[in-house]
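Chain letters run A, B, ... following the sequence lines, proteins first and then strands; every chain starts at 1. Computed from a predicted model, the values in this text were never measured in an experiment.
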Number of protein chains: 2
Amino acid sequence: MEPRWLTPDQRRAWLRVAALLELLPAALDTQLQRDADLTLAGYVMLAMLSEQPERSLRMSELAARSNASPSRASHVIAKLEKQGLVRRERCAEDGRGQLAVLTDAGWEKVVATAPGHVQRVRELVVDPLEPGQLAQLDAIVARMLDVLDPEARYATTALARDIPASQG
Amino acid sequence: MEPRWLTPDQRRAWLRVAALLELLPAALDTQLQRDADLTLAGYVMLAMLSEQPERSLRMSELAARSNASPSRASHVIAKLEKQGLVRRERCAEDGRGQLAVLTDAGWEKVVATAPGHVQRVRELVVDPLEPGQLAQLDAIVARMLDVLDPEARYATTALARDIPASQG
DNA sequence: CAGCACTGGTTGAAGTCTCAAGCAACCCCT
DNA sequence: AGGGGTTGCTTGAGACTTCAACCAGTGCTG
């Protein structure tokens, strides 16, 4: 069976997206590493915790919102715990569960780090676009996520839930 | 100074993009790992080589087209060489340079693997979009890449070179 | 209650990527 | 010709991620 290749337009768009997939996370990682000694994954988890009223989340929920596997979440939180930014508690309702809790130091870290991170996101993602393009992007990516994560196991679910806030 | 946070719309779009940044590479990696015992990075490099008339590229050029650092390219090619898919030659015009050359086995690997990979890209990126959205995506990502890679050191250059595009 | 499957989370080893250092060939200048 | 700086690439160590066990607690079934 003859495989269906991409048309030149499709190919060009895909190559650009592929470049974005490498360069954008790398750029954000670099900024966080330099300014806050944090991994992008580590920062994201701290940020997710900081948005909760109790500043805590179940490991599984944290993993989902960070688009990470349970294993990755476990390793990342272990490192943040060693840095004193997070601590773990056994979960009351379910003895198997663990609660990742932001420490005061962790909260301070987020407060200190978030502006620089948001600034970089703005520079790289928001500001380059013309009015209207952000909404286009949102719609396009939403469609891709429908296929990538049809069960909405990952961050998508957090969107539906949290949107009212302007930033936690 | 009061930091400028993201508006709810901006935040929603960004969270979706962040999810895409994790899930899309992971999905492609999974497919390649399962069907071809290849890393996404490894496959990309093989594919780049396969598109050259001589089936070879300078390491630096290969790294650029794969959006990888020189170091990463070196490690990945080292592994592909161990697998017999690529070999290295000293470069004739410049004694410091190395040429990564696709072996026959490497060529066969690409031929066998490409259809399944392209199929997956199609499923995840091309097919979910409505007519017109692909062009929008291309334009949007192009703007981001202008900021991420202003010198056009990475894959962008390959686009300008290989594709007489319909878009500025 | 015992048995059994499943869920939530962790662990360690193996693989991948990054970072800084290093080596060799090239270039330029005298 | 012969330094000194630069470029092209590699290397090894350390950090991060993945994968496949694994353990403990839960919940269902009988």
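- Rounded to a whole Å, the CG atom of A:N67 is 16 Å from the C1' atom of D:dT18.
- Not a single donor-acceptor contact under 3.5 angstrom links the side-chain atoms of B:H75 to the base of C:dG15.
- Per the geometry, CG belonging to B:L32 stands 18 Å off P belonging to C:dG15, to the nearest Å.
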Go through it in stages, so that I can follow the logic: the residues are B:E51 and A:R11, the test is salt bridge (Lys or Arg N to Asp or Glu O under 4.0 Å), and I'd like the CA-CA distance, side-chain angles, deciding distance and then a yes or no. CA-CA 13 Å; B:E51 288 173 1; A:R11 179 185 144 86; 3.2 Å; yes
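- One interatomic measurement links the two molecules: CG of B:L57 to P of D:dC9, which rounds to 11 Å at whole-angstrom precision.
- Looking at B:K79 and B:E81, no side-chain N of the basic residue comes within less than 4.0 Å of a carboxylate O on the acidic one, giving no salt bridge.
- DNA chain D is contacted by both B:L99 and A:R72; B:L99 maps to the nucleotide lying nearer its 5′ end (nearest heavy atom per residue).
- Contact check on A:R72 versus B:E22 returns a salt bridge, with a Lys/Arg side-chain nitrogen under 4.0 Å from an Asp/Glu carboxylate oxygen.
- Per the geometry, CZ belonging to B:R153 stands 11 Å off P belonging to D:dG8, to the nearest Å.
- Between the CG atom of A:L40 and the C1' atom of C:dT18 there is a distance of 15 Å, given to the nearest Å.
- Within residues 89-97 of chain B, the residues having any heavy atom under 4.0 Å from DNA chain D are, by residue number, B:R96, B:G97.
- Each of B:D29, B:V110, B:V44, B:L46 was compared with B:L38 under the side-chain contact (heavy atoms from CB on, under 4.5 Å) criterion, and only B:L46 meets it.
- At least one side-chain nitrogen or oxygen of A:Q98 sits closer than 4.0 Å to the OP1 or OP2 atom of C:dT10.
- Side-chain proximity of A:M59 to the nucleotides D:dC9, D:dC19, C:dG9 is greatest for C:dG9.
- Comment: A:R143 engages B:E130 in a salt bridge, judged by a side-chain N to carboxylate O separation of less than 4.0 angstrom.
- Between D:dC9 and B:S60, a contact under 4.0 Å exists linking OP1 or OP2 to a side-chain N or O.
- At a cut-off of 3.5 angstrom, the base of C:dC19 holds at least one donor-acceptor pair with the side chain of B:S71.
- A sub-4.0 Å separation between OP1 or OP2 of D:dC16 and a side-chain N or O of A:T39 is present.
- If A:A26 and A:A78 are placed on DNA chain C by their nearest nucleotide, the residue sitting closer to the 5' end is A:A78.
- The separation between A:L62 atom CG and C:dG8 atom C1' is 13 Å, rounded to whole Å.
- Between A:Q83 and A:D37 the shortest side-chain heavy-atom distance falls below 4.5 Å.
- Between A:K79 and D:dC16 there is a side-chain polar atom (N or O) within less than 4.0 angstrom of OP1 or OP2.
- At a threshold of 4.0 Å, the pair A:R55-A:E89 does not count as salt-bridged, since none of the basic side-chain nitrogens sits closer than that to a carboxylate oxygen.
- The separation between B:I77 atom CD1 and C:dC17 atom C1' is 15 Å, rounded to whole Å.
- Rounded to whole angstrom, the span from the CG atom of A:D37 across to the C1' atom of D:dG14 amounts to 14 Å.
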